[in-house]
Amino acid sequence: MRIVRTDINDTEHALQLVEGIRLQPLIALGTGELQGHEVLTLLAPDVQVEAFFETLSTEACLLLFFKQLEIIRRLVEPGLFFMNLPVRVFTDPDCMQRLLRVRSCYRRNVVAEVQDPEYLLTAEVAQRRVLKANVYRLRSRGWSVWLDDLTPAVSEGIKNEGFWFDGVKTCRHELARHTLPQLVCDARELGRMVLVEGIETDEELALARSSGADWGQGFLWPERTLLFRS
């Protein structure tokens with residue numbers, strides 16, 4: 001397996017390692033209806049996934065986001081498309097200006113996910129305020145913004161800071177814990193909708209449904225891939 005160097009900063013080289021996207025279904029727990037997809041990155045088979053994303057520059061993260069948007073723009077199917085961006089993109093002034101200039105045809109069905117929220121637990125107060133302000137700016141311009149990977153620690157750490165999102169996803173590891181219903185309840189204090197990640201079995205689907213969440217996501221439902229070159 002190819003190991004991406006920890007000092008990689010060549011944006012063009014990094015993006016050459018991306019072959020396309022994976023579309024993971026988002027399902028309404030009450031009805032079983034398809035609500036949309038999360039857009040996940042499809043890397044070359046010999047690339048170490050964790051090393052790739054750990055070393056991806058802020059600029060490369062945003063360019064990958066825009067590259068994936070080009071594929072989404074060509075799709076005619078209904079539903080929402082959830083796309084991840086790290087906290088550092090949402091708090092970077094230049095990145096924010098470029099996101100705010102994105103045309104409305106993208107914003108209609110694209111959801112921007114704030115990933116790696118655990119960063120907020122150690123971030124300076126000023127950085128958390130910047131993130132909150134920029135989420136508000138994006139939402140006021142027509143973007144839908146969700147918080148990804150909520151854990152009890154993250155919920156406790158930001159609950160009194162006035163964050164508000166269009167929706168919240170619980171961390172996939174929380175599905176195996178008895179505290180999921182409480183976490184879903186806590187998530188309602190941060191966003192209007194709640195999605196449970198990590199559903200792989202019928203038993204886990206039943207747990208997600210009983211938690212009070214709205215939507216579910218996981219390998220229980222087959223995903224599909226789209227290649228950039230296709």
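Numbers here are sequence positions counted from 1. Scope of the values below: all heavy atoms of this structure, side chains included, with no hydrogens, waters or symmetry mates.
- Considering every non-hydrogen atom in both Asn134 and Thr91, the closest pair reads ND2-CA, 4.1 Å.
- For the pair Leu175/Glu197, no side-chain contact is recorded, criterion being any heavy-atom separation below 4.5 Å from C-beta on.
- Looking only at atom types and distance, the side chain of Asp214 has no donor-acceptor partner in the side chain of Gln35 under 3.5 Å away.
- The line from CG of Leu100 to CZ of Arg141 is 5.0 Å long, rounded to the nearest 0.5 Å.
- Trp164 and Arg188 make their closest contact through CZ3-O, 3.7 Å (heavy atoms, listed as atom of the first residue, atom of the second, distance).
- Between Lys169 and Glu38 there is a salt bridge, with a side-chain nitrogen of the basic residue lying less than 4.0 Å from a carboxylate oxygen of the acidic one.
- Within the 4.5 Å cutoff, side-chain heavy atoms of Phe66 are placed close to those of Val102.
- Checking Arg88 against Thr58 by side-chain atom types alone, a donor-acceptor pair falls below 3.5 Å.
- Under the rule for a side chain to side chain donor-acceptor pair (under 3.5 Å), the partners of Gln68 that lie at least two apart in sequence or sit in another chain are Thr41.
- Using a cutoff of 4.0 Å between basic side-chain nitrogens and carboxylate oxygens, Glu204 and Arg209 are not scored as salt-bridged.
- Shown here for Asp148 and Glu113, the closest heavy-atom pair between the two residues is CG-OE1, 3.1 Å.
- A salt bridge links Arg73 with Glu70: at least one charged nitrogen is closer than 4.0 Å to a carboxylate oxygen.
- Between Leu205 and Leu220, the closest side-chain pair of non-hydrogen atoms falls below 4.5 Å.
- The shortest distance between side-chain heavy atoms of Trp143 and Val111 does not fall below 4.5 Å.
- One distance of note links CG of Asp92 with CG of Leu62; it measures 8.5 Å at 0.5 Å rounding.
- The shortest side-chain heavy-atom distance between Phe52 and Leu43 falls under the 4.5 Å cut-off.
- One finds no salt bridge joining Asp166 and Arg192 here, because no Lys/Arg side-chain nitrogen approaches an Asp/Glu carboxylate oxygen to under 4.0 Å.
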Donor-acceptor pairs under 3.5 Å, side chain of residues 179-187 to any protein atom, not counting sequence neighbours: which ones?
| unit_1 | atom_1 | unit_2 | atom_2 | d |
| --- | --- | --- | --- | --- |
| Gln182 | NE2 | Asp186 | OD1 | 2.8 |

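- When atom types are taken as modelled, the side chain of Ser211 and the backbone of Ala208 share a donor-acceptor pair closer than 3.5 angstrom.
- Two residues are said to be in side-chain contact when any heavy atoms from C-beta on lie closer than 4.5 Å; Thr225 and Ile21 fail this criterion.
- The same ILVMFWY cluster, assembled from side-chain heavy atoms under 4.5 Å apart, contains both Leu69 and Leu75.
- The salt bridge (charged side-chain N to carboxylate O under 4.0 Å, His left out) analysis of residues 119-130, with sequence neighbours excluded, yields the pairs Arg128-Glu161.
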Dump the intermediate steps for ring-ring contact (aromatic ring centres under 6.0 Å, His included) on Trp215 and Trp146, then the final yes or no. CA-CA 13 Å; Trp215 294 354; Trp146 282 50; 5.7 Å; yes
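- Between Leu99 and Leu138 the shortest side-chain heavy-atom distance falls below 4.5 Å.
- Shortest non-hydrogen contact noted between Arg172 and Gly198 is CB-CA, 3.7 Å.
- In terms of heavy-atom proximity, Ile199 sits nearest to Val196 at CD1-O, 3.8 Å.
- Linking Ile, Leu, Val, Met, Phe, Trp and Tyr residues whenever their side-chain heavy atoms come within less than 4.5 Å places Ile72 and Val18 in a single cluster.
- Put simply, the side chain of Ile27 reaches to within 4.5 Å of the side chain of Trp221, judged on heavy atoms.
- Within the 3.5 Å criterion, the main-chain N or O of Thr170 finds no donor-acceptor partner in the side chain of Glu174.
- Considering every non-hydrogen atom in both Pro222 and Pro25, the closest pair reads O-CG, 3.3 Å.
- Between the Asn84 side chain and the Ala112 main chain, no donor and acceptor come within less than 3.5 Å of each other.
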